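Every chain is numbered from 1 and lettered A, B, ... according to where its sequence line falls, protein lines coming before strand lines. Note that the coordinates shown come from a computational prediction; the quantities given were computed from them, not determined experimentally.
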2 protein chains.
Amino acid sequence: MDVRSQILHEATRLFAAQGFDGTSVQQIADAVGIRKPSLLYHFASKDALRLSVLDAIMTHFNQVLPEVLLAAARDRRFDSVMESLSSFFLEDPDRARLLVRELLDRPDDMKQRLREFVRPWIQVVADQLERAKGPGMVQKDVDTQAYAIQVLLAVVGSVALHDTLGAMLPEGAAKDDANRRAVGELIRIARTSLYTGARGPQGT
Amino acid sequence: MDVRSQILHEATRLFAAQGFDGTSVQQIADAVGIRKPSLLYHFASKDALRLSVLDAIMTHFNQVLPEVLLAAARDRRFDSVMESLSSFFLEDPDRARLLVRELLDRPDDMKQRLREFVRPWIQVVADQLERAKGPGMVQKDVDTQAYAIQVLLAVVGSVALHDTLGAMLPEGAAKDDANRRAVGELIRIARTSLYTGARGPQGT
DNA sequence: CCTACCGATCGGTAGG
DNA sequence: CCTACCGATCGGTAGG
């Protein structure tokens, strides 16, 4: 792996764990195994590095999300869409943590990014759900836009904080088990509150 | 208001907006209108100030939450419990933002706090819901513990990020309206995914 | 990619 | 609650 990618990787990891202000350029350079000025040769400034890290995540997001959502639009496999979305973040929880941190640290910047990259997809999903109200498949009183946003937030939030939130379950529970229960219940909540009928199209 | 309270207030505001590492003692002192060493006379260190801020929130939380939850246990007014919980955080969104930041910044410390202060209440709610499965009021396949945690996270998360997430709604929407829709849909999702029957005990 | 170095700011202390 | 000051670390630059 080339140095640039190593820097991006370590920066992502440290920004996610400690935040941008809580991480020094020195720490990242140490993690990569180079000197600080060498890092600043590859990225003009600490802020340029932050933007590159964020860009890598958003790009990946926009390459993966479309196919996931198109699968939803095609055959309404609600659970599989939710699993894919969860998997994308569970695969590397740092992505979720970093997004939440950016939303808190730079709300105005993130508003623009959300408008540009996420809102269109929220709208696609909302339109799809709105049409499904006609045949009575989706409950009439669902606020489809607000619903899509809440579900997305719940997925990102519960992945970002999943190991910490597991502390609220009884002692014995294994960490992996806590994750599975969290995602499982989240999917059940999202499905049950959307479709008509006892448990939606995939219920038993 | 005495100086100590002013310091706590400004620290809460700044930590919530910029994070602990992103806020200097100097900035807080400036906001209060005193010199930095004067602030450090009232709080032995920056970290002691952080602990005091967190303590004030957790204390308030533990004074308000019990009555809210007891109201729930008594007459199952689901919506009113959700409104109270939302209101507690909406009343001062800095509380929600600060909690999310602490969960990200110091997961191990927060695990202990959650175990001590929040887990008992999660358990009370889960037990209550579990009992309600008997008469068939609550859906049998609800994972009551995971459900309670997910709903709490969704409330805290959507309040912490509500003005930023509003950017995903269409242009025209007013900010207050976005908040109302977010909370309203969150309550609908939580209620519908819990109770048996089309819309739960308070549906139309 | 390195050594050597910069001014600014950090949290905190001495002493009144 | 203040003035004056501390060593350490910050992001970043010069020059090779």
### Query
What pairs of residues pass the side chain to side chain donor-acceptor pair (under 3.5 Å) test when at least one of them lies in residues 108-121 of chain B, not counting sequence neighbours?
A:Glu171-B:Arg119

### Task
Could you check whether the rings of A:Phe78 and A:Tyr195 sit parallel, tilted or perpendicular, using 30° and 60° as the cut-offs?
perpendicular

### Query
Is the NZ or CZ atom of B:Arg97 both under 6.0 Å from the centre of the six-membered ring of B:Phe15 and within 45° of that ring's axis?
no

### Task
Classify every nucleotide of nucleotides 3-16 of chain C by which part a protein heavy atom approaches to under 4.0 Å, writing B for the base, S for the sugar-phosphate alone and - for neither, in 5'-to-3' order.
BB-----SBBB---

### Query
Does any pair with a residue in residues 49-62 of chain B pass side chain to side chain donor-acceptor pair (under 3.5 Å), and if so which ones, sequence neighbours excluded?
B:Asp47-B:Arg50, B:Arg50-B:Glu102, B:His60-B:Arg95

### Message
Both conditions, 6.0 Å and 45 degrees, for the charged tip of B:Arg106 above the ring of B:Phe20: are they met here?
### Response
yes

### Task
Using both distances under 3.5 Å as the test, list the Watson-Crick or G-U wobble partner of C:dT13, or none.
D:dA4

### Message
In this structure, how many angstroms lie between the C1' atom of D:dC1 and the NE2 atom of B:His42, rounded?
### Response
7 Å

